[in-house]
Amino acid sequence: MKKRILTGLQPSGTLHIGNYFGSLKPLIDLMGQEDNEVLLMVADYHALTSLRDTAELKTNIYNIVRDYLAAGVDPKKVILFRQSDNQDHMELGWILNCLVTVPFLMQAHSYKDKVAKGLEPNAGLFTYPMLMAADITLYNTDIVPVGEDQRQHLEYTREAVTKFNNAYGKILKEPKELIVAGVGVVPGTDGQKMSKSYKNTIPFFGTHEETQKAVMSIVTDSSGDRPVNVYNIHNVIYRALGKSQDELDALYHEHAGKYKVLKDILVDDIEIVIGGMREKRAQITDDEIRHILKDGAARAKAISNTMMQKIRAAVGITL
Ligand code: AMP
Ligand code: TRP
């Protein structure tokens, strides 16, 4: 049996290094393996929970697909699709919403964090975990590569599966999260988790100047020879270059106390990781993107429609 892998990213901003290493790269690494079937979704309905700008959302959707492709997602090997192209997500999301309680959803860290940061507590944001559970279970997904911040959403998904299966029979599959050690929480320029809402990101496809500006803004303190925040980000980049932590330690030892030199080296190393991808990215046309998404939508629907028929029959909404 093939293992099904699925992840999604919201087109709500610019792809940053944390998104790439936390969820996209683990998915790309699994893409090449023959016994895997991989799906990658543009979670555009999810983005509506925080974004209310027509032009921006539309641009973000094109941009995120461009990012995926440039980062190495092969649309022949991956079903690359947009959530809003497949209404089964909405339908199953509703069914799952009817199985969980308001107090249960109120415990979600992600919801509480977002509201604490000043995001409007709209009903979409509140019920978001059940739309995500639908995204995953519609495709009988086994593995979901995500960052640490999504761990609880996977627990919520499993809880929804249990509730559904107890009510209607064993139809939905319990997925597992894949959180890769060392990149589950990529730190940002201030040492906290890298996140667009903390304004501490290093953009993945920034221009050389943007990368430089972000790296120079990494907060350093003078308590030791090693700038910890620079080192921790460098550590993630070093892995991507296939270099060891010992090599990184040697580098930081050699340049002990020279923060500017270490930051310059980090900028160069980021350039090595993304330079080629950036060139590829510039060549991807909007037409190509529309074509890939259309094809992906048809392939995604072929899987979910069968599942949805079983779900409807189990629930009793067929005649
Ligand atoms: P978001 O941009 O919040 O939609 O996140 C998209 C994906 O990137 C999710 O799987 C997140 O868990 C992951 N992610 C976001 N920020 C980080 C981070 N700082 N470190 C690791 N993974 C992250
Ligand atoms: N909730 C995820 C995030 O904010 C995005 C997402 C939506 C997702 N649906 C998904 C991730 C399904 C994995 C699987 O990052």
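Below, each value reflects all heavy atoms present in this structure, side chains not excepted, and no hydrogens, waters or symmetry copies. Each ligand, and each atom within it, is numbered from 1 in the order the structure gives.
Salt-bridge formation is not detected for the pair K117/D113: no Lys NZ or Arg NE/NH1/NH2 atom is positioned less than 4.0 Å from an Asp or Glu carboxylate oxygen.
Within 6.0 Å of atom NZ in K112, more than 12 heavy atoms from other residues, nucleotides or ligands are found, so the atom counts as buried in its surroundings. Residue K280 places its NZ atom among more than 12 non-hydrogen atoms of other residues, nucleotides or ligands, all under 6.0 Å distant. Annotation: R290, atom CZ; neighbour count of heavy atoms from other residues, nucleotides and ligands within 6.0 Å is above 12. Within 6.0 Å of the NZ atom in K213, the count of heavy atoms belonging to other residues, nucleotides or ligands does not exceed 12.
An N or O contact shorter than 3.5 Å is missing between L9 and ligand 1 by distance. At a 3.5 angstrom cut-off on N or O pairs, K114 does not count as close to ligand 2. In terms of polar-atom proximity, Y128 is counted as a contact of ligand 2, with an N or O under 3.5 Å from an N or O of the ligand.
Protein heavy atom nearest atom 11 (C) of ligand 2, with residue, atom name and distance: G8 O, 3.3 Å. Counting protein heavy atoms only, atom 9 (N) of ligand 2 is closest to D135 OD2, 2.7 Å.
Against a heavy-atom cut-off of under 4.0 Å, V144 is close to the following atoms of ligand 2: 13 (C), 14 (C). Applying the 4.0 Å criterion to heavy atoms of L6 picks out, from ligand 2, the atoms 12 (C), 14 (C). Near I136, the atoms of ligand 2 lying under 4.0 angstrom from a non-hydrogen atom of the residue are 12 (C), 14 (C).
For the ligand labelled ligand 1, residue K196 lies inside the 4.0 Å heavy-atom shell. Note on ligand 2: Q83 sits outside its first shell, no heavy atom being nearer than 4.0 Å.
Closest heavy-atom approach to atom 15 (O) of ligand 2 within the set H89, M132, Q150: this belongs to Q150.
At a heavy-atom cutoff of 4.0 Å, ligand 1 is contacted by the backbone of V183 but not by its side chain. If you look at V186 next to ligand 1, the close heavy atoms, those under 4.0 Å, come from the backbone and the side chain alike.
Remark: the backbone N or O of S84 is paired with a side-chain donor or acceptor of Q87 at under 3.5 angstrom.
A side-chain contact (heavy atoms from CB on, under 4.5 Å) with F205 is found for one member of M277, H16, R66 and no other, namely M277.
For an aromatic pair to be called close, the ring centres must be under 6.0 Å apart, and Y139 with H89 satisfies this.
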